[in-house]
Amino acid sequence: MSLDVSRKDAQPVTPPSAGQNGNGVAVLQNMATTQHRLRLHPNTEHKPESYDGLQLDFNPLLFSSLERYLPPPMLSLSRDSKLHYMRDIILRYSPEGERNRVQRHREYRQRIITHYQPLHRELYTMHASNFFVPSFLKAINENKEESFRSIMAEPSPGVFTFEMFQPRFCELLLSEVENFEKWVHETKFRIMRPNTMNKFGAVLDDFGLETMLDKLVEDFIRPIAKVFFQDVGGSTLDSHHGFVVEYGIDRDVELGFHVDDSEVTLNVCLGKQFSGGELFFRGVRCDKHVNTDTQSDEVLDYSHVPGRAVLHRGRHRHGARATTSGHRVNLLLWCRSSVFRELRKYQKDFSTWCGECQREKKSSLIHSVSSLHSVEETVRAAVEAKSYKQLPDILLVVEKSGHTPNPFSFLSTYPLKLRTQIIDEILHSFRSIRPRSHPHIAYDLLLSYTLQNPNPLPVSLAILQCTLRAGCSPAPQIRLLLSSAWLNCSVSVSRSLLEMQDIGYCPDSVMCNYLISSLCAVDRLEDAVKVLKGMSAAGCIPNLDSYASLITAMCSFRRTADAVELMKQMVNKARLSPRQGMVVKLVATLRANKEIWKAVEMIEFLEREGNLVGFESYQFVVEGCLECREYVLAGKVVMAMTDKGFIPYIKVRQKVVEGLVYANELKLASLVRERFSDMGS
Ligand SMILES: O=C(O)CCC(=O)C(=O)O
Ligand SMILES: [Fe+2]
């Protein structure tokens, strides 16, 4: 299949494409006059002005981005002075043809905006609560990867779909576009279509929606792209091309296989009724590999749903099948990053995002590992060259070949301090790898290497923490290795945890909980309790999971007094409410130990402290009372239970009443019976 890689649009806003002049940052440097040198690196602390709403030749975001490179003395000047200075720089470095094109396009846009009367003015400024569905807004407000993932599907790596626009917004935008087209038809205005492959559709930026779409990119798309598309400039998106496409029998019918002129593309179906029109995706490719074959795991077909967005890399090859009936309109936002475009000119290896570069790299690694070197030598070479990000791929070979000695063993030839520093650098470099779990073999091997060597702490704890944060579960043997390393360590818990801080890591409760559960797994409950108690001193507050593993382990050993004590501490001191499962487990263990009075006390305590106790725990306790022939106690628990609206199972009800009669507790028996009949049983 051949691609139209030359697909370009009439993007009116030119990024500071230094074009022939080289890298953006380097160019900025050259542009500087002797008195006013632009900075080599942006001042990330500086909060740039907003250039929105001004009549500019270039995208306002471009000015905001460039402002961070201004020489420090200029930052305090007025917005106009800065604007003037930056505009000069940009104009000086955009080629003549480009300048004319920008000027002509500006005039074209101005003609439209002067004569076209918008129908729905509320669309022209961002009004998030009217535009977006609440789930999308909530995820954006939380601005965390987990929140984004909770509203998204990722049917193939790098293609995200999620509910985005309210039906009302889609209707309004459709009607605005229709109104614009009506005006175009009536006035016979010759408009530019969104790009070379469409005969229909309209550029939204050209009739006044640019400012609103700028906001959409800045406040809604960039935060998501920062998380999922960092590798293609997702965090530096600074311009866009926003348009609608229209498909149907009497419109454009289908769209050939192509890549977009964007770093990140947002594609949202606005309606209306249609069949067909599916998007097909076939893997992400750099320029060099754009026509290479598709691998089977890269095939994705997606059917549009009105209001639902698809977000993908512009370089993710795709097309749209024929819309076979009805009328389909989609909003497209091609988001671009001038920084990424400049940097790309100097790169040859795009293996962070190009599927084919990745395959080439992997196979050459596997080849070199299997033909020339041992895995250990290759790992060593990568570490010595500080090419840490290669390690996960190299180590895939270990997984395939199974039993090799730990390839990190060579680290033992370095002094401890250097070894720790190298491991720290490796862990840092893994943070930006996606998916985050990709280095799981490297994490496991590093862990088992450090845990089996002298001075395993605190570096093993740091590795463990990174492993867990990347969402990886360490190999089963790690629990054992960790427990024995921990038990061999002579310093106190809080000292060991604080030592992590000495090497730059703040211990977190997930890591401590893993340690607690590992110690429980080898029956070292006392040591696990020490960890629980020492956590706070290292600034790491025990949570429900910390207590849950210990209480569960204590129950398994029938150490009920300790378990009860811990539960009380958890509620009183840590102010945590136990999960129902924990309460049930403890109550069931007390019942099995025939300590039914303690079980009743536990329930009373929990309720007194404002914690909910569920039906199952009550039921267990009543059954336990009956087993111990504690009929009066059973009667009292039943009364408390029914107060909460819980009715015991029928057999238990009968037995409680019979037991009370048998014990000659006739008053309580009739109270209980009455209560049951009041409750309609
Ligand atoms: O029609 C579609 O949904 C795809 C449109 C598209 O890929 C584009 O315009 O770049
Ligand atoms: Fe496209």
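Each residue takes its place number in the sequence, starting with 1. Just so you know, ligand 1 is whichever comes first in the structure, and atom 1 is the first atom listed for that ligand. FYI, side chains are in, hydrogens and waters are out, and symmetry mates aren't considered; it's all heavy atoms of this structure.
Those atoms of ligand 1 with a heavy atom of N330 less than 4.0 angstrom away are 3 (O). For ligand 1, the atoms sitting less than 4.0 Å from at least one non-hydrogen atom of H318 are 7 (O), numbered in the order shown with element in parentheses. Residue contact check: A320 has heavy atoms under 4.0 Å from atoms 1 (O), 2 (C) of ligand 1. When each atom of ligand 1 is checked for a heavy atom of W334 under 4.0 Å away, the hits are 10 (O). Atoms of ligand 1 lying under 4.0 Å from any heavy atom of H258, numbered from 1 in the order shown and given with element: 6 (C), 7 (O), 8 (C), 10 (O). Within the listing of ligand 1, atoms 4 (C), 5 (C), 6 (C), 7 (O), 8 (C), 9 (O) sit less than 4.0 angstrom from a heavy atom of L255. Counting atoms of ligand 1 from 1 in the listed order, those under 4.0 Å from a heavy atom of D260 are 10 (O). Residue contact check: Y247 has heavy atoms under 4.0 Å from atoms 1 (O) of ligand 1.
Only side-chain heavy atoms of F243 come within less than 4.0 Å of ligand 1; its backbone N, CA, C and O stay farther off. Residue contacts with ligand 1, taken as heavy atom pairs separated by less than 4.0 Å, do not involve N195 at all.
Geometrically, R328 engages Y247 in a cation-pi contact defined by less than 6.0 Å to the ring centre and at most 45° from the axis. Geometrically, R344 does not engage F350 in a cation-pi contact, judged by NZ or CZ lying under 6.0 Å from the ring centre and within 45° of the ring axis.
Taking the N/O/S atoms of D260 in turn, the shortest distance to the Fe ion (ligand 2) belongs to OD1.
Remark: D219 engages K215 in a salt bridge (Lys or Arg N to Asp or Glu O under 4.0 Å) (not counting sequence neighbours).
Between W183 and F180, the ring-plane angle classifies as parallel under the 30° and 60° cut-offs.
Remark: at the Fe ion (ligand 2), atom NE2 from H318 and atom NE2 from H258 enclose 90°, rounded to the nearest 10 degrees.
Annotation for R434: atom CZ counts as buried by contact number, over 12 foreign heavy atoms lying within 6.0 Å.
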Under 3.5 Å, which donor-acceptor pairs do the side chains of residues 117-126 form with other protein atoms, sequence neighbours left out?
from	atom 1	to	atom 2	distance (Å)
H120	NE2	S175	OG	2.5
Y124	OH	E176	OE2	3.0

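At a cut-off of 3.5 Å, with distance as the only test, no side-chain donor of D261 or H241 sits close to an acceptor on the other residue.
Looking at F63 and P48, their side chains never come closer than 4.5 Å, going by heavy atoms from C-beta outward.
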